[in-house]
Amino acid sequence: MDLRETDTENVPSSEYVSGTGQTTLGDLENGKPKTHHEEDKTEQAVGLVPSLNNPSINRGRLLAACLLIFTNGINDAAPGALIPHMEKYYNISYAIVSLIFLSNAAGFIFAAFVSQPLYSRIGRSKTILVGITLLGIASLTTAFAPPWGVIVASYFLTGAGMALILAQCNVFCSSLANSTTLFGYVHGSYGVGGTVAPLIATAMVSKEVKWSYFYFILLGLTVFNAIFSTYIFAGSENDSPVPHVADNTAIKKAGSKNSIKNKYTLIAALFIFAYQGAEVAIGGWTVSFLIASRGGDPAEVGYVASGFWAGITIGRFVLSPICHRFGEKKSVYFFIAGSIIFQILVWTVPNIISNAVFVSLVGLLIGPIYPCTMTIVTRLIDSHLLVSSLSLVSAVGSSGGAIAPFTTGLLASRFGAWVLHPVTVGLFVAMEGIWWVLPSVRKRTE
């Protein structure tokens with residue numbers, strides 16, 4: 001496969017990125033002749049990375065990762081269709097219902113600090129199981145429609161569980177050949193979950209099924225994931241070039257503190273903050289906008305949210321491999337610019353059908369952005385920092401996925417739901433600027 005040169009103006013000349021780690025020019029220029037054993041270890045580290053078929057169990061692990069992220073997508077997308085019914089059931093305002101987004105983000109931030117130590121002690125399989133257990137507790141709690149304060153607290157568990165799962169799935173995908181495409185599959189599954197959640201939730205409430213009963217479906221998914229994922233990911237860290245932290249003293253010391261100091265981690269975290277802020281704000285408030293500003297029927301416009309998530313799904317499955325071919329850095333510039341245009345059209349064209357189409361196109365264009373970002377970031381960050389760095393990126397990203405919807409809710413309470421659009425357009429513009437700072441990287445030889 002071809003080797004695309006690094007953006008040498010932005011990447012320090014002393015480092016080349018290959019595989020999941022970094023090799024310095026000094027190592028290449030001053031290295032001594034290697035023994036056969038050393039050559040084998042070097043090839044395993046930076047050349048012959050594991051693939052979907054080697055070892056063969058990775059196919060099952062990819063399926064498990066897809067199911068886990070599919071469930072995350074359902075968790076994120078369900079509020080978009082259920083918020084109007086939550087407001088009615090609890091008799092609360094936009095601002096109060098937005099507290100679930102803040103609580104969710106707090107869970108992600110908490111997980112950022114415990115993910116690395118947890119992985120160090122119990123490994124990937126059991127860390128994922130802890131995340132699934134937290135999701136199960138939250139789903140069971142919400143299903144019975146407890147007092148609103150308990151609902152808000154349950155979203156903390158949801159955020160923490162999703163974050164633990166997300167970090168492990170991202171690290172697993174980053175360790176495999178053709179990671180951009182695989183990220184597209186896994187996070188495309190997130191889009192599938194985001195697509196079906198509003199469809200099912202809207203269909204249920206339109207038939208006068210209590211809104212909270214939707215979470216029994218999520219509970220069933222968590223039980224299945226707990227069994228399948230725990231089994232299939234057992235020992236997976238031993239098949240990956242990402243070191244198992246428990247086996248390396250130096251890596252044990254490189255936790256969240258070192259990740260916070262890593263400039264690539266910080267840049268990526270800011271970018272994903274803006275990205276998830278825009279994504280969750282659109283998914284969470286578009287239905288409310290169509291009801292309040294376009295006079296839409298709540299029983300019908302709930303399906304528009306599914307169109308948005310369907311666009312994300314198609315973008316990740318179809319466009320991610322194209323990005324891998326033409327370059328992730330250039331592709332993301334184009335996707336963000338297109339998203340700005342279509343979001344402005346949703347804002348300015350007073351027609352529900354047109355709005356639904358434009359929202360779906362926004363989803364299509366932003367869909368591949370997350371997989372592209374994860375591909376670049378995992379090539380820039382040292383392998384021993386991946387778990388803590390990706391946990392931090394996920395936590396900060398989720399903060400954006402909370403602060404933007406929460407801010408939108410506060411502003412909507414005062415000015416109207418139309419404020420969704422200037423908020424998201426502003427986030428897209430910020431993404432363009434942050435993306436310019438993040439350097440390009442070489443393609444991995446796969």
Side-chain angles (χ1 to χ4, degrees), residues 6-7 10-12 14-24 105 107-120 124 127 159-160 162-175 179-180 183 187 240-243 245 248 250-277 328-329 332 369-403 427 430-442 444:
T6 320
D7 181 352
N10 293 314
V11 178
S14 62
E15 294 178 350
Y16 277 6
V17 180
S18 180
T20 57
Q22 294 180 336
T23 303
T24 64
F108 262 83
I109 294 170
F110 170 78
F113 291 97
V114 303
S115 181
Q116 181 80 60
L118 198 61
Y119 171 76
S120 302
R124 178 172 297 143
T127 300
M162 289 173 62
L164 292 175
I165 291 168
L166 179 61
Q168 296 303 320
C169 289
N170 280 340
V171 172
F172 167 70
C173 288
S174 74
S175 71
S179 58
T180 301
F183 272 125
H187 293 286
S240 167
V242 179
V245 180
N248 192 314
I251 295 172
K252 286 181 181 180
K253 299 178 181 179
S256 300
K257 183 181 295 186
N258 287 344
S259 296
I260 293 173
K261 296 178 181 178
N262 185 282
K263 63 180 179 180
Y264 300 133
T265 301
L266 295 177
I267 294 171
L270 289 175
F271 183 82
I272 296 298
F273 176 93
Y275 168 81
Q276 284 196 238
E328 292 87 357
K329 189 71 184 288
V332 170
I369 291 177
Y370 192 96
C372 287
T373 305
M374 288 298 102
T375 295
I376 289 179
V377 170
T378 53
R379 294 176 189 167
L380 289 170
I381 298 174
D382 285 334
S383 60
H384 66 272
L385 289 176
L386 271 181
V387 174
S388 57
S389 289
L390 292 182
S391 296
L392 181 62
V393 170
S394 298
V396 175
S398 181
S399 298
I403 292 173
L427 289 170
M431 286 168 62
E432 287 279 27
I434 299 169
W435 194 247
W436 181 81
V437 177
L438 194 69
S440 303
V441 293
R442 290 185 174 193
R444 226 168 25 184

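Note that the structure is a prediction, hence the values are computed from the model and not measured. Heads up: numbering here begins at 1 and tracks the sequence.
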Does [X] have any side chain to side chain contact (heavy atoms under 4.5 Å, CB included) partners at least two apart in sequence or in another chain, and if so, which?
X: L270; value: I434
X: V396; value: A269, F273, L392
X: Y370; value: L166, N170, H187, I272, Y275, Q276, R316, M374, S394

Can you measure from [atom1] ([X]) to [atom2] ([Y]) and round to the nearest 0.5 angstrom?
X: K263; Y: I381; atom1: NZ; atom2: CD1; result: 12.0 Å
X: F271; Y: L266; atom1: CZ; atom2: CG; result: 15.5 Å
X: L118; Y: T127; atom1: CG; atom2: OG1; result: 4.0 Å
X: L380; Y: I267; atom1: CG; atom2: CD1; result: 8.5 Å

Is there a side chain to side chain contact (heavy atoms under 4.5 Å, CB included) between Q168 and L164? Walk through the geometry before answering. CA-CA 7 Å; Q168 296 303 320; L164 292 175; 5.9 Å; no
What's the shortest heavy-atom distance between [X] and [Y], and which atoms?
X: G277; Y: L427; result: C-CD1, 3.6 Å
X: A160; Y: A111; result: O-CB, 3.7 Å
X: F183; Y: P371; result: CB-CB, 3.7 Å
X: I376; Y: K329; result: CD1-N, 4.1 Å

